[in-house]
Amino acid sequence: MSKKINFLRAGALTMVLALGTTCFMSGTLAKYVTSGQGTDSARVAKFGVKITANGETFTNEYAKDDTSFTLAASTVVSADDVVAPGTAKDMLSMTLTGTPEVAVRVSYDVTEFELTNWTTNGTDQYCPIIINVNGTKYNCLEATNIDSFKNNVIGAIEDYSKDYIAGTDLAGVEDESLAISWEWPFSTSEANDVKDTALGDRAAADNAATIKLTVKTTVTQID
């Protein structure tokens, strides 16, 4: 009798353990499951800006203004690039092309500006050059001295810049480019005519005054 009861107890205990295990397994196998996946791709934004220099700042030949002179089409002719009373020219300009996919800033830097030997006698300065920057004229004769004139011109050039939004066709904004030109007036007074002649005579004696201006155009991405 006792053996039978023990057997039944053992069977009942086994069943309880089995049920407990079943509940435990059911709890670990039942769960919520979800998943997701994202993907994307990109390429480098286009820049592709090109800067092309146009023309020349100085030349060796200048066309006549005096219609009564009929012997030739030019009244200033040299083997070298020269300046003389009555000459004028637009300075070397830059053409931009490209449609960058980034906002850009166009800026200008003067890397060289030299006015050498502008004197009538080796000591007295005389510089009759006028430089026009975006419609504002800077007259060397009206400046305190040549260095002051140079600083004024450099400041005007380097203070100018233009910003453009992404996607701007830079070939279409040529009218907004920096405009620089120069001139040497043909005659401003009898006294200055004498000084102009002195500069020409010194050039003939291999003491010529010289001018050199180099402007760099830079297109930079705006952060």
Side-chain angles (χ1 to χ4, degrees), residues 42-63 74 76 78-118 127-185 208-223:
R43 62 167 172 79
V44 171
K46 295 178 181 178
F47 190 62
V49 177
K50 292 185 178 180
I51 304 174
T52 304
N54 303 311
E56 53 186 354
T57 302
F58 308 104
T59 187
N60 65 333
E61 186 172 331
Y62 295 88
S74 299
V76 177
S78 173
D80 306 310
D81 286 352
V82 294
V83 294
T87 59
K89 208 171 189 307
D90 291 336
M91 288 198 164
L92 186 67
S93 61
M94 299 292 179
T95 296
L96 305 179
T97 58
T99 307
E101 295 177 327
V102 295
V104 296
R105 174 170 294 128
V106 181
S107 59
Y108 304 87
D109 295 289
V110 177
T111 58
E112 290 180 290
F113 190 12
E114 299 176 2
L115 287 165
T116 305
N117 208 24
W118 288 87
C127 175
I129 298 296
I130 296 173
I131 294 182
N132 188 320
V133 181
N134 275 356
T136 300
K137 290 186 176 183
Y138 297 89
N139 191 331
C140 192
L141 289 180
E142 296 175 355
T144 303
N145 51 48
I146 289 179
D147 286 339
S148 176
F149 169 70
K150 288 171 57 178
N151 289 336
N152 290 337
V153 172
I154 291 171
I157 292 172
E158 296 188 344
D159 283 346
Y160 183 79
S161 66
K162 292 292 291 185
D163 293 347
Y164 299 100
I165 63 173
T168 299
D169 181 1
L170 297 180
V173 297
E174 184 176 355
D175 291 344
E176 298 178 346
S177 297
L178 180 68
I180 311 175
S181 61
W182 66 269
E183 63 177 302
W184 182 346
T210 61
I211 179 172
K212 183 177 184 180
L213 177 63
T214 304
V215 179
K216 180 177 71 173
T217 303
T218 302
V219 181
T220 307
Q221 177 188 352
I222 299 173
D223 193 358

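Given the structure is predicted, the values throughout are model-derived calculations rather than measurements. The figures that follow rest on heavy atoms only: side chains count, while hydrogens, waters and symmetry mates do not.
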- Calculate, to the nearest 0.5 Å, the distance between atoms OG1 and CZ belonging to T220 and F47 respectively. 7.0 Å
- Query: Between CD1 of I211 and CD of E114, what distance do you get to the nearest 0.5 Å?
  - Reply: 10.5 Å
- What are the two closest heavy atoms between N60 and D81, and how far apart are they? N-OD1, 3.3 Å
- Query: When you look at T168 and V173, which way does the side-chain contact (heavy atoms from CB on, under 4.5 Å) test go after all the steps?
  - Reply: CA-CA 9 Å; T168 299; V173 297; 4.2 Å; yes
- Query: Taking all atoms of both residues into account, what is the closest heavy-atom pair of M94 and V215, and its distance?
  - Reply: CE-O, 4.0 Å
- Item | Nearest atoms (heavy-atom pairs only) where S148 meets N145 | N-OD1, 2.8 Å
- Message: I want to check something: taking the side chain as every heavy atom from C-beta on, are Y62 and V82 in contact at a cut-off of under 4.5 Å?
- Response: yes
- Give the C-alpha distance, both sets of side-chain angles, the deciding distance and a yes or no for side-chain contact (heavy atoms from CB on, under 4.5 Å) between K89 and T87. CA-CA 7 Å; K89 208 171 189 307; T87 59; over 6 Å; no
- Message: How long is the straight-line distance from CZ of F149 back to CG of L141, given to the nearest 0.5 Å?
- Response: 9.0 Å
- Item | Rounded distance [0.5 Å steps], OG in S107 versus CG in D159 | 11.5 Å
- What's the spacing between E183 CD and K137 NZ if we round to 0.5 Å? 4.5 Å
- Query: Is any side-chain heavy atom of T52 less than 4.5 Å from a side-chain heavy atom of T97?
  - Reply: no
- Task: Show your reasoning for whether side-chain contact (heavy atoms from CB on, under 4.5 Å) applies to T210 and N117.
- Result: CA-CA 7 Å; T210 61; N117 208 24; 5.8 Å; no
- Message: Does E176, at its CD atom, have more than 12 non-hydrogen atoms belonging to other residues, nucleotides or ligands within less than 6.0 Å?
- Response: yes
- Message: Tell me if a side-chain donor or acceptor on E174 pairs with a main-chain N or O of T95 at a distance below 3.5 Å.
- Response: no
- Item | Working for side-chain contact (heavy atoms from CB on, under 4.5 Å), residues V219 and I51 | CA-CA 9 Å; V219 181; I51 304 174; 4.0 Å; yes
- E61 to T59 - nearest heavy-atom pair and separation: O-CG2, 3.0 Å
- Task: Look at the rings of F58 and W182 and say which category their plane angle falls in: under 30° parallel, 30 to 60° tilted, over 60° perpendicular.
- Result: tilted
- With a 4.5 Å limit on heavy-atom distance, are the side chains of T99 and K46 in contact? no
- Message: To the nearest 0.5 Å, what is the distance between CD1 on I146 and CH2 on W118?
- Response: 8.5 Å
- Taking every non-hydrogen atom, the tightest pair across F113 and I131: CZ-CD1, 3.6 Å
- Heavy-atom closest pair, residues S177 and N134: O-OD1, 4.1 Å
- Note on the structure: Exactly one candidate in L178, I157, I180, V133 meets side chain to side chain contact (heavy atoms under 4.5 Å, CB included) with M91; the answer is I180
